[in-house]
Number of protein chains: 2
Amino acid sequence: MKPRPLSYQEENYLKAVLKISEGRGKKDAGILELSRALGVKPPTAHQMLKKLKEKKLVLFEKYGKVMLSAGGRKAAMALVRKHRIWETFLHDVLKFSWDEVHELAEYLEHIPSDEIINRLEKLLGNPKFDPHGDPIPDVGGNVRPAFRKTLSMGTPGRNYHLVAVSDSHQSLLQFMSKYNLKINDKIKYVSELGLDGMGVIRVRNKNITVGSTFMHEVKVVCEQCMKKCKCPDEVWCVV
Amino acid sequence: MKPRPLSYQEENYLKAVLKISEGRGKKDAGILELSRALGVKPPTAHQMLKKLKEKKLVLFEKYGKVMLSAGGRKAAMALVRKHRIWETFLHDVLKFSWDEVHELAEYLEHIPSDEIINRLEKLLGNPKFDPHGDPIPDVGGNVRPAFRKTLSMGTPGRNYHLVAVSDSHQSLLQFMSKYNLKINDKIKYVSELGLDGMGVIRVRNKNITVGSTFMHEVKVVCEQCMKKCKCPDEVWCVV
DNA sequence: ATTAAATGTTAGATAAACCTAACATTACAA
DNA sequence: TTGTAATGTTAGGTTTATCTAACATTTAAT
Ligand SMILES: [Mn+2]
Ligand SMILES: [Mn+2]
Ligand SMILES: [Mn+2]
Ligand SMILES: [Mn+2]
């Protein structure tokens, strides 16, 4: 077995930098955020990031923030592509539920083969989105920009399309299964409750009271924007 | 991500002990053989085997040979099952050729999920053999005993069924593709050439001269034994 | 029975990825 | 503007899996 170009952990760190630095309007990542996301202590993340800087995969100055280099971004995107194609395979072909696929894909994404991924993609009919509604990068690492906001950023009274959910929040995913909420459902943001960030939504003529996690993790696009995005508060999310 | 019960390498060592100790009539494995099979130096293998002995996965006395404990054998068999089911998936569903699947399965076999394997098995129609003709252990880790010998152990003049090939010998697998030789082909062992272990076989009314690797790596069952195995020189192979 | 070759063991070193404890810098709020 | 909280850095240690060099035992051939 030939040595991998990047270690298992190097890949995970690059993916974490991508997720944090390009999430909800941000453009760089701090060591502390990274260490939390990766479940390690700050000095561990710091050491790894210094190594990735040596390898020219990240841009990172002393006491500064971290960004991906072109090469680092390409590697991270390749990982996201693998992750989402595996999730789609597990969901569509092996019939795992959407709260089960993320954890398994965390392992499968590190299998060092682009060819498996390309063949799976074809087998699945070239899907553009994974089971959680997140866009699947193409072979070149490009994602079609996905504009969306969290429900908590929405305006009570308006109609939205539920386009994506957090892929790693098990209990949220199970809550949604229970109420039969799915990607692409039309939902109305009825009202804010003003208590613990809760709110009320209306789906298929039934009101559902949802909690703070739902409000912050579920991503929506407002009806007008389905055709032409122009709301200033909808953010491009890669991950 | 929860810690694995066994590390990636511990799994590989157990599989190597299984392959060597239960291959062609043997019942234990030496440190030197193991180190060669694993591509490490003898002290490395020695150290790991001591650790596996602590964990009660192998039986191993000072200056003695290595055998699997019941627990170690179960873990090793689980790995072989995963390996062969992944190989079958890659071959049957993703259409990889039989010389490509082994290397990829070396990675996939370590994905820590029994459920993926069970669902793949069902998807594939509960196959009993992998693309190289090797038997797939069931959920309990049992393999149906497979009696077979190498062509070099055969008798010139007799008819055989080609039942299995080495899964890791790329050039042999490519040679066989070239001559359109497949699992389950009926072949006649025409003659021994007495030079470099070469021989001549006859398949579909055409003679093919084959080399030493072919003679030693291709496994066959003689026609009579297809129904009832009784040749004393046919050996039970798990791996 | 002796000796040489093959095989196995020990000791000590290294690299990767993690840790804790202590220290340094930056950000921001009073 | 200055002090505290948040964030980042350094130093030094641990574990796992690897290595080399030296030594010990077993096996097999003379
Ligand atoms: Mn995911
Ligand atoms: Mn996803
Ligand atoms: Mn194989
Ligand atoms: Mn095989």
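By convention in this document, chain letters (A, B, ...) are assigned in the order of the sequence lines, proteins followed by strands, and residues within each chain are numbered from 1. Just so it is clear, the values below take in all heavy atoms, side chains as well, and ignore hydrogens, waters and symmetry mates.
- At a cut-off of 3.5 angstrom, the base of C:dC18 holds no donor-acceptor pair with the side chain of A:Gln9.
- Checked options B:Arg73, B:Lys27, B:Lys15; the residue passing with B:Glu22 is B:Arg73 (criterion: salt bridge (charged side-chain N to carboxylate O under 4.0 Å, His left out)).
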Would you check, one step at a time, whether the test side chain to side chain donor-acceptor pair (under 3.5 Å) holds for A:His83 with A:Asp130? CA-CA 9 Å; A:His83 182 99; A:Asp130 81 4; 5.8 Å; no
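- The six-membered or imidazole ring of A:Phe60 lies away from that of A:Tyr13, with a centre-to-centre distance of 6.0 Å or more.
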Check step by step if side chain to side chain contact (heavy atoms under 4.5 Å, CB included) holds for A:Thr209 and A:Leu193. CA-CA 9 Å; A:Thr209 302; A:Leu193 284 186; 3.8 Å; yes
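- The distance from atom CG of A:Leu52 to atom C1' of C:dA17 is 12 Å, rounded to the nearest whole Å.
- In this structure, A:Lys62 does not reach the C:dA24 phosphate: none of its side-chain N or O atoms is under 4.0 Å from OP1 or OP2.
- The shortest side-chain heavy-atom distance between B:Pro42 and B:Leu32 falls under the 4.5 Å cut-off.
- When rounded to the nearest whole Å, the span between CG of A:Leu38 and C1' of C:dC18 equals 12 Å.
- Comparing D:dT9, C:dG8, D:dT20 by their nearest atom to the side chain of B:Pro43 picks out D:dT20.
- A side-chain contact (heavy atoms from CB on, under 4.5 Å) with A:Phe96 is found for one member of A:Asp92, A:Val93, A:Leu94 and no other, namely A:Leu94.
- Side-chain atoms of B:Lys65 lie closest to C:dT7 of the nucleotides C:dT9, D:dT9, C:dT7.
- Checking the phosphate oxygens (OP1, OP2) of D:dG8, no side-chain nitrogen or oxygen of A:His46 falls inside 4.0 Å.
- Rounded to an integer number of Å, the gap from CE of B:Met48 to P of C:dT9 is 15 Å.
- Considering only side-chain atoms of A:Val40, the nucleotide from C:dA21, D:dG8, C:dC18 that sits closest is C:dC18.
- For B:Pro42, taking side-chain heavy atoms from C-beta onward, the closest of the listed nucleotides D:dT20, C:dC19, C:dT9 is C:dT9.
- Between the C1' atom of C:dA15 and the CD atom of A:Glu10 lies a distance of 12 Å, rounded to the nearest Å.
- Among the nucleotides D:dT10, C:dC18, C:dG8, the one closest to any side-chain atom of A:Lys50 is D:dT10.
- Along DNA chain D, the nucleotide closest to A:Gln47 and the one closest to A:Phe60 are compared, and the more 5′ of them pairs with A:Phe60.
- Close to C:dC19, at under 4.0 Å from its OP1 or OP2, lies a side-chain N or O of A:Thr44.
- Taking atom CD on A:Glu33 and atom P on D:dT7, their separation rounds to 8 Å, with Å as the unit.
- Distance CG (A:Leu34) to P (C:dA17): 16 Å, rounded to an integer number of Å.
- Heavy atoms of B:Tyr8 sit nowhere under 4.0 angstrom from any nucleic acid atom.
- What separates NZ of A:Lys41 from C1' of D:dG8 is a distance of 15 Å, to the nearest Å.
- Place A:Gly39 and B:Gly30 on DNA chain C by their nearest nucleotides, and B:Gly30 ends up nearer the 5' end.
- OP1 or OP2 of D:dT18 has at least one side-chain nitrogen or oxygen of B:Tyr13 nearer than 4.0 Å.
- The side chain of B:Tyr63 has D:dA24 as its nearest neighbour among D:dG8, D:dA24, C:dC19.
- The phosphate of C:dA17 has OP1 or OP2 within less than 4.0 Å of a side-chain N or O from A:Ser7.
- Nearest to the side-chain atoms of B:Leu32 among the listed nucleotides C:dT7, D:dA11, C:dA17 stands C:dT7.
- Rounded to a whole Å, the CD atom of A:Glu54 is 12 Å from the P atom of C:dA16.
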